[in-house]
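Taking it in order: structure first as structure tokens, then the write-up.
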There are 2 protein chains.
Amino acid sequence: MDDLTEMLKGTLEGCVLEIIGSEETYGYAITRRLNELGFADVVEGTVYTILLRLEKKGLVQVTKRPSGLGPPRKFYALNDAGRQELATFWAKWEYITSRLGKLKEGGR
Amino acid sequence: MDDLTEMLKGTLEGCVLEIIGSEETYGYAITRRLNELGFADVVEGTVYTILLRLEKKGLVQVTKRPSGLGPPRKFYALNDAGRQELATFWAKWEYITSRLGKLKEGGR
DNA sequence: AGCGGTACTCGGTATTACCGAGTACTTGGA
DNA sequence: TCCAAGTACTCGGTAATACCGAGTACCGCT
């Protein structure tokens, strides 16, 4: 699938939230996970900027832990605000997909 | 539904393509149509920038016609390139929704 | 010692939707 | 007659976001 970057704007952050929400994890692993999910072109730099943003917005709790193979990892977990944000993300997503579906079916 | 603007990035242009594809129409009417479809906050300025962009990319054919109530209208219709672009837009959209769905269902 | 894989940071760029103000044309009421 | 309101388009600037690229650093293996 060719360039999806414009269409991912606004949704990628939600994807990261969802991944973090399902288990405490760290940047590098999140990138791999997104890649294997089909978001093949998402690159580490992008994920880290999202992570930094989430931290700045106060949606995640960060814990640094030694890695064993490489530098220490920053593990991310959702806090209450993060879970709230994730819920509204899915609500928005549902809303948009329903509208797009309507449009596509020629909803007039 | 509160602020959807970030999530609309990349999809709004596709919506406009779809609307133009279903019938030859003009900016003001497209805005009204988007609003009634549920994209309530989309504003004229936004639609016109998209329209200008589509024209610049050579995806539409433009015809100016007098209006009867107000200044002349610029009617837009898809050309072959535009129909092609619309098809790939929907393909990308399907792709992303399927990935998001998978992610949401805890696809692991 | 050096290479490859793991792991994070940071400055800059492009694209996109939004905002706001402006222009202009028409009809209808004060 | 003039002004308000609805129709219709233009344009310069802003904010948010994903991407890019280069850099730093740590580890185990050969």
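Since we're looking at a predicted model, the values are computed, not measured. Each chain gets a letter, A, B and so on, in the order its sequence line appears, and its residues count up from 1. Both backbone and side-chain heavy atoms feed into the values below; hydrogens, waters and symmetry mates do not.
Remark: P of C/dT15 and CG of A/L8 are 16 Å apart, rounded to the nearest angstrom. A straight line from CE of B/M7 to C1' of C/dC18 spans 17 Å, rounded to a whole angstrom. With rounding to whole Å, A/E6 atom CD is found 8 Å from C/dA17 atom P. Nucleotide C/dT16 holds its P atom 13 Å from the CG atom of A/L4, rounded to whole Å. Atom P of nucleotide C/dC25 and atom NZ of B/K64 are separated by 11 Å, given to the nearest angstrom.
Looking at heavy-atom distances under 4.0 Å, B/L52 makes contact with sugar-phosphate atoms alone, never a base. Contact annotation for A/I50: backbone-only contact, meaning every heavy-atom pair under 4.0 Å involves sugar-phosphate atoms and none involves a base. Looking at heavy-atom distances under 4.0 Å, A/E13 makes contact with sugar-phosphate atoms alone, never a base.
Salt bridge annotation for A/E24-A/R65: present, with a cationic side-chain nitrogen under 4.0 angstrom from a carboxylate oxygen. In this structure, A/E94 pairs ionically with B/K104, as a charged nitrogen and a carboxylate oxygen lie closer than 4.0 Å.
Here the closest heavy-atom approach between residue B/Y76 and residue B/I20 is recorded as O-CG2, 3.4 Å. Heavy atoms only, all atoms of each residue included: B/T31 and B/V43 are closest at CG2-C, 4.0 Å. Across all non-hydrogen atoms, the minimal contact from B/G21 to B/L78 is CA-CD1, 3.5 Å.
Nearer the 5' end of DNA chain D, as judged by each residue's closest nucleotide, is the contact made by B/R32, out of B/T49 and B/R32.
Nucleotides of DNA chain D lying under 4.0 Å from heavy atoms of chain A occupy a range whose first and last members, 5' to 3', are D/dT17 to D/dC27.
Taking 3.5 Å as the limit, the base of C/dT15 and the side chain of B/K9 contain no donor-acceptor pair of atoms between them.
A/V60 places none of its side-chain heavy atoms less than 4.5 Å from the side chain of A/N79.
Look at B/T5 and you won't find any side-chain N or O under 4.0 angstrom from OP1 or OP2 of C/dC18.
In this view, A/R99 satisfies the side-chain hydrogen bond (donor to acceptor under 3.5 Å, both in side chains) rule with no residue, not counting sequence neighbours.
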